[in-house]
Protein chains: 2
Amino acid sequence: MKDGPDIARIAALIGDPARANMLTALMSGKALTATELSQEAGITLQTASSHLAKLGAGGLLMPRKQGRHKYFSLANDEVAHVLEALMGLAAGSGHLRTRTGPRDEELRKARVCYNHLAGHMGIQMYDSFLRQGFLDIGTEGLTLTKTGASFVRDFGIDLDGLTAKKSPLCRECLDWSERRSHLAGSLGRALLAQMENLSWAKRIPESRIVRFTKAGQTEFDATFQR
Amino acid sequence: MKDGPDIARIAALIGDPARANMLTALMSGKALTATELSQEAGITLQTASSHLAKLGAGGLLMPRKQGRHKYFSLANDEVAHVLEALMGLAAGSGHLRTRTGPRDEELRKARVCYNHLAGHMGIQMYDSFLRQGFLDIGTEGLTLTKTGASFVRDFGIDLDGLTAKKSPLCRECLDWSERRSHLAGSLGRALLAQMENLSWAKRIPESRIVRFTKAGQTEFDATFQR
DNA sequence: TTCATAGTTCGACCGTAGTCGAAGCATTTG
DNA sequence: CAAATGCTTCGACTACGGTCGAACTATGAA
């Protein structure tokens with residue numbers, strides 16, 4: 001009776017309407033909180049919590065704790081592939097709905113997150129690092145590549161000083177507004193500090209907004225938009 | 001709450017262990033009877049019947065009645081694709097088990113089925129027709145193409161005589177031993193009759209075996225094996 | 001510190017769906 | 001025709017799992 005891979009187990013996980021709704025909501029690629037997902041599915045938070053625990057245990061979801069929020073995203077591409085295949089079979093075209101965070105335009109664009117750069121520009125920088133091969137996504141956590149190290153040094157950062165400390169150099173941080181990962185860790189903090197040093201930007205007091213100068217914006221784009 | 005394509009519905013269908021076992025058994029591409037599938041799933045025939053009805057209504061299975069048997073196969077490639085994706089996610093490599101029909105070697109090779117050719121050679125001819133574009137699989141049933149018609153005429157069959165009758169010219173028939181479709185209908189019967197006319201083969205009395213002569217076999221291979 | 005918000009755990013309720021025995025059709029075989 | 005085989009339908013039982021209220025923990029804000 002036992003047919004090797006237990007397709008019934010995961011199909012049953014997807015087979016509950018509430019869970020299916022959560023999973024399809026996550027197909028956008030963005031991470032959502034438990035509360036948002038509960039609304040997405042039309043169920044209470046308690047019920048959602050139980051569902052999310054099951055999906056996590058089943059290997060379909062990747063939960064990440066961020067402060068007092070818990071963000072969920074699809075565990076990997078294969079999960080998305082299965083969902084897409086199911087959508088195809090279920091005929092009709094796939095809908096996606098999402099509903100994301102901060103209202104303030106400036107906050108969305110660039111803000112401080114534990115002293116590193118977050119928001120659209122944070123994502124922009126992170127993507128640029130990945131594109132240029134400055135960062136390597138290993139089994140557990142990010143590492144700075146050789147080319148990445150030399151770039152960072154050229155940018156004016158005391159890399160040796162950072163690595164001397166015990167706090168992690170590179171970490172992924174889930175962006176609030178963009179709902180994607182960006183660069184955190186001591187390197188992330190140092191990069192933002194250096195941008196402030198170079199007078200590219202400054203923090204607006206009494207808020208988390210990071211406001212770039214016109215020149216600073218140009219420099220940033222030239223440096224990180226390739 | 002309603003997310004367009006109802007992936008939960010079909011995922012739930014696959015999500016039951018008994019149904020999942022039946023579906024994986026059908027991944028071989030061969031059609032299986034309700035009884036065989038019930039054994040495959042380790043449940044009684046009554047329960048299996050209910051499951052199979054649901055899978056049919058859900059569009060995952062294609063049932064075909066053949067005498068007092070009912071054969072089930074996956075409805076289409078997309079279903080197989082979903083199952084394969086699920087197997088991938090469920091990790092581990094997929095097992096397949098099957099258990100097919102007739103014992104007698106000669107019967108498996110070539111036999112009569114409602115006066116048309118069945119068994120391995122029947123499949124061979126059917127595949128050859130499809131490969132050469134003699135048959136066209138439309139929305140409902142097979143049709144003979146122009147090139148197919150001229151081939152058939154060259155083979156010595158009175159095609160006009162056949163089309164004059166009201167019984168269907170081409171029909172699919174599910175092969176007992178191969179568990180795949182082959183050509184039935186009046187054309188199928190005429191083709192077998194012509195092979196007997198040409199002394200390629202003759203029927204063995206008191207059985208359904210069709211025995212080809214050595215020369216007939218050679219001719220058949222030359223004609224239908226491309 | 002206290003309060004508010006996000007999420008988890010516990011317990012109880014309820015419904016749905018899987019299961020099988022028994023009886024009923026349908027088709028083939030003798 | 002009767003008997004046998006393959007499958008379906010009906011009905012009853014059972015259990016698993018989804019659901020929510022209430023209480024609890026953890027993190028952040030005032």
Side-chain angles (χ1 to χ4, degrees), chain A residues 1 8-23 31-58 61-72 99 101-102 111-115 173-174 176 206-208, chain B residues 1 8-23 31-58 61-72 99 101-102 112-114 173-174 176 206-208:
Chain A
M1 314 293 126
R9 206 187 94 253
I10 52 178
L13 281 175
I14 307 175
D16 177 77
R19 287 194 292 256
N21 281 332
M22 301 194 206
L23 289 168
L32 296 170
T33 67
T35 304
E36 288 170 318
L37 287 167
S38 74
Q39 294 166 348
E40 207 66 43
I43 53 179
T44 62
L45 181 58
Q46 306 98 295
T47 309
S49 178
S50 135
H51 282 310
L52 291 168
K54 288 176 189 175
L55 289 172
L61 291 185
M62 232 304 227
R64 300 192 221 181
K65 257 175 128 174
Q66 184 95 358
R68 62 176 162 182
H69 294 269
K70 194 164 180 183
Y71 286 94
F72 293 87
R99 188 172 303 160
R111 67 176 176 277
V112 156
C113 168
Y114 299 126
N115 289 319
C173 176
L174 196 56
W176 185 34
E206 307 289 333
S207 92
R208 295 168 63 187
Chain B
M1 312 294 125
R9 204 186 96 253
I10 52 178
L13 281 175
I14 307 175
D16 177 77
R19 286 193 292 257
N21 281 332
M22 300 194 206
L23 289 169
L32 296 170
T33 67
T35 305
E36 287 169 318
L37 287 168
S38 74
Q39 294 166 348
E40 208 66 45
I43 54 180
T44 62
L45 181 57
Q46 306 99 296
T47 309
S49 178
S50 136
H51 283 310
L52 290 169
K54 287 175 190 175
L55 288 172
L61 255 39
M62 233 304 229
R64 300 193 220 182
K65 257 176 128 173
Q66 184 95 358
R68 60 177 163 183
H69 295 269
K70 194 165 180 182
Y71 286 94
F72 293 87
R99 190 171 300 159
V112 156
C113 167
Y114 300 126
C173 176
L174 195 56
W176 185 35
E206 307 287 333
S207 92
R208 295 168 63 189

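Just so we're on the same page: letters track the sequence lines, and every chain starts at 1. What you are looking at is a predicted structure, and each value in this text was computed from that prediction instead of being measured.
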Expressed in angstrom and rounded to an integer, what is the separation of B/L37 atom CG from D/dG6 atom P? 14 Å
Of all the nucleotides listed (C/dA6, C/dT28, C/dG7), which has the minimum atom distance to the side chain of A/R68? C/dA6
Return the OG to CD1 distance between A/S49 and A/I43, rounded to the nearest 0.5 Å. 9.5 Å
Rounded to whole Å, the CZ-P distance (B/F72 to D/dG6) equals 14 Å
Side-chain H-bond candidate by donor/acceptor type, B/E36 with B/T33, under 3.5 Å: yes
Between B/Q66 (CD) and C/dT28 (P), how many Å, whole number? 10 Å
How long is the span from the NZ atom in A/K65 to the NZ atom in A/K70, to the nearest 0.5 Å? 6.5 Å
Between NE2 of A/H69 and P of D/dG28 the distance, given in whole Å, is 9 Å
What is the distance from CD of A/E36 to P of C/dA6, rounded to the nearest Å? 10 Å
Minimum-distance nucleotide (side-chain atoms of A/S49 versus C/dT8, D/dC7, D/dA4): C/dT8
Bend of the helix from C/dT1-D/dA30 to C/dG30-D/dC1 from end-axis comparison, five pairs per end, nearest 10°, comes to 20°
Nearest-Å distance for atom pair CE/C1', residues A/M22 and C/dG7: 13 Å
Verdict with reasoning, A/K54 to A/S50, per side chain to side chain contact (heavy atoms under 4.5 Å, CB included): CA-CA 6 Å; A/K54 288 176 189 175; A/S50 135; 4.1 Å; yes
What distance separates A/L52 CG from A/M22 CE, expressed to the nearest 0.5 Å? 4.5 Å
Donor/acceptor link under 3.5 angstrom from A/Q46 side chain onto base of D/dG21: yes
Run the numbers on B/Y71 and B/L32 for side chain to side chain contact (heavy atoms under 4.5 Å, CB included), then give the verdict. CA-CA 5 Å; B/Y71 286 94; B/L32 296 170; 5.9 Å; no
So, A/R19 side chain and A/L13 main chain: donor-acceptor pair closer than 3.5 Å or not? yes
So, OP1 or OP2 of C/dA6: does either fall under 4.0 Å of a side-chain N or O from A/K65? no
Heteroatom pairs (N/O) under 3.5 angstrom, protein to nucleotides 12-19 of chain D:
{"residue": "D/dG18", "atom": "OP1", "partner": "A/R19", "partner atom": "NH1", "Å": "3.3"}
{"residue": "D/dG18", "atom": "OP1", "partner": "A/R19", "partner atom": "NH2", "Å": "2.8"}
{"residue": "D/dG18", "atom": "OP2", "partner": "A/K54", "partner atom": "NZ", "Å": "2.5"}
{"residue": "D/dT19", "atom": "OP2", "partner": "A/H51", "partner atom": "NE2", "Å": "2.6"}

Start with the C-alpha gap between A/L61 and A/L23, add the side-chain angles, then the distance that decides, and say whether side chain to side chain contact (heavy atoms under 4.5 Å, CB included) holds. CA-CA 9 Å; A/L61 291 185; A/L23 289 168; 3.9 Å; yes
Between C1' of C/dC20 and CD of B/Q39, the distance in whole Å: 16 Å
Set of residues satisfying side chain to side chain donor-acceptor pair (under 3.5 Å) with respect to B/T47, sequence neighbours excluded: B/T44
Quickly work out the A/L45 CG to C/dC10 P distance and round it to whole Å. 16 Å
